[in-house]
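Predicted, not measured: the structure shown is a model, and the values here were computed from it.
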Amino acid sequence: MLKRIKVETRLAAQTENGEDVIVTESAGTAVIDRDGLLLRYAEAENEGEAQLLLSDSIADLHRKGQVRSRMTFVEGRLLPMPYATPEGTYDFSLFTHSLRLSVSPVGGEFAAKYSLLAGGRQVSDNQLAVRWTFVE
């Protein structure tokens, strides 16, 4: 079943230089079936789109635009995170400390706490929240 949604994302990144918080809002769609939930929404600042696949034990976030990346969240796992920009391609890793998914008749929320590593060295601790509401 395809539904229109309003999406709010909040990313808080803690580095050795302090904390940076980015909040965005956009419109998108949600496809719901028995295997999970697929959200697609615009990322204006990236001049592209994000696609977030959610199920009980895994979340997979693809960003397509000026920056292209794939973030796979599996609690307690360190996984590769390809990241491409107009300036070059980088090989990061992502360690998921926790993830949470809640869905209701009016919307839902995905939240993840994770660390980003470059060359095996931790570069940031992050909290990502994606909240959506269904639009009539």
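Residues Leu116 and Phe73 fall within the same hydrophobic cluster, defined by Ile, Leu, Val, Met, Phe, Trp and Tyr side chains chained together at heavy-atom separations under 4.5 Å. Linking ILVMFWY side-chain heavy atoms closer than 4.5 Å, directly or via other members, places Val123 and Met81 in a single hydrophobic cluster. With hydrophobic clusters built from ILVMFWY side chains whose heavy atoms lie under 4.5 angstrom apart, Leu2 shares a cluster with Leu53. No path of Ile, Leu, Val, Met, Phe, Trp and Tyr side chains, each step under 4.5 Å between heavy atoms, connects Leu99 with Leu79, placing them in separate hydrophobic clusters. No path of Ile, Leu, Val, Met, Phe, Trp and Tyr side chains, each step under 4.5 Å between heavy atoms, connects Leu101 with Ile58, placing them in separate hydrophobic clusters.
Remark: of the listed residues Val130, Leu52, Leu54, Thr72, Leu52 is the sole one forming a side chain to side chain contact (heavy atoms under 4.5 Å, CB included) with Leu61.
Counting only heavy atoms from C-beta outward, the side chains of Leu39 and Ile5 approach each other to under 4.5 Å.
Taking CZ of Arg70 as the start and NE2 of His62 as the end, the distance is 4.0 Å to the nearest 0.5 Å. With rounding to the nearest 0.5 angstrom, the OG atom of Ser102 is 9.5 Å from the CZ atom of Arg131. Going from atom NZ of Lys113 over to atom CD of Glu75 covers 11.0 Å, rounded to the nearest 0.5 Å. Met1 CE to Lys3 NZ: the interatomic distance, rounded to the nearest 0.5 Å, is 5.0 Å. Taking CG from Leu78 and CG from Leu94, the interatomic distance works out to 8.0 Å, rounded to the nearest 0.5 Å.
Within a 6.0 Å sphere centred on OH of Tyr83, heavy atoms belonging to other residues, nucleotides or ligands number 12 at most. Heavy-atom contacts from other residues, nucleotides or ligands closer than 6.0 Å to CG of Asp33 number more than 12.
Between the side chain of Asn46 and the main chain of Val67, a donor-acceptor pair closer than 3.5 Å is present. Formation of a donor-acceptor pair under 3.5 Å by the Ser124 side chain with backbone atoms of Asn126 is not found in this model.
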Check your understanding: Under the side-chain contact (heavy atoms from CB on, under 4.5 Å) criterion, do Ile32 and Phe134 qualify, and how do the steps go?
Key -> CA-CA 12 Å; Ile32 305 164; Phe134 299 115; 3.9 Å; yes

Practice item. Test Thr9 against Thr24 for side-chain contact (heavy atoms from CB on, under 4.5 Å), laying out the working first. Key: CA-CA 5 Å; Thr9 63; Thr24 64; 2.4 Å; yes

Point to revise | Worked check of side-chain contact (heavy atoms from CB on, under 4.5 Å) between Leu37 and Phe110 | key: CA-CA 11 Å; Leu37 175 67; Phe110 164 71; over 6 Å; no

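Between Ala42 and Ser26 the shortest heavy-atom distance is O-OG, 3.0 Å. What you find for Glu45 and Gln66 is that their closest heavy atoms are O-OE1, 4.5 Å. Of all heavy-atom pairs between Met71 and Tyr114, the closest is CE-OH, 3.3 Å.
A salt bridge is absent between Glu49 and Lys64; no separation between the charged side-chain nitrogens and carboxylate oxygens falls under 4.0 Å. Note on Arg100 versus Glu109: salt bridge recorded, some NZ/NE/NH1/NH2 to OD/OE distance being below 4.0 Å.
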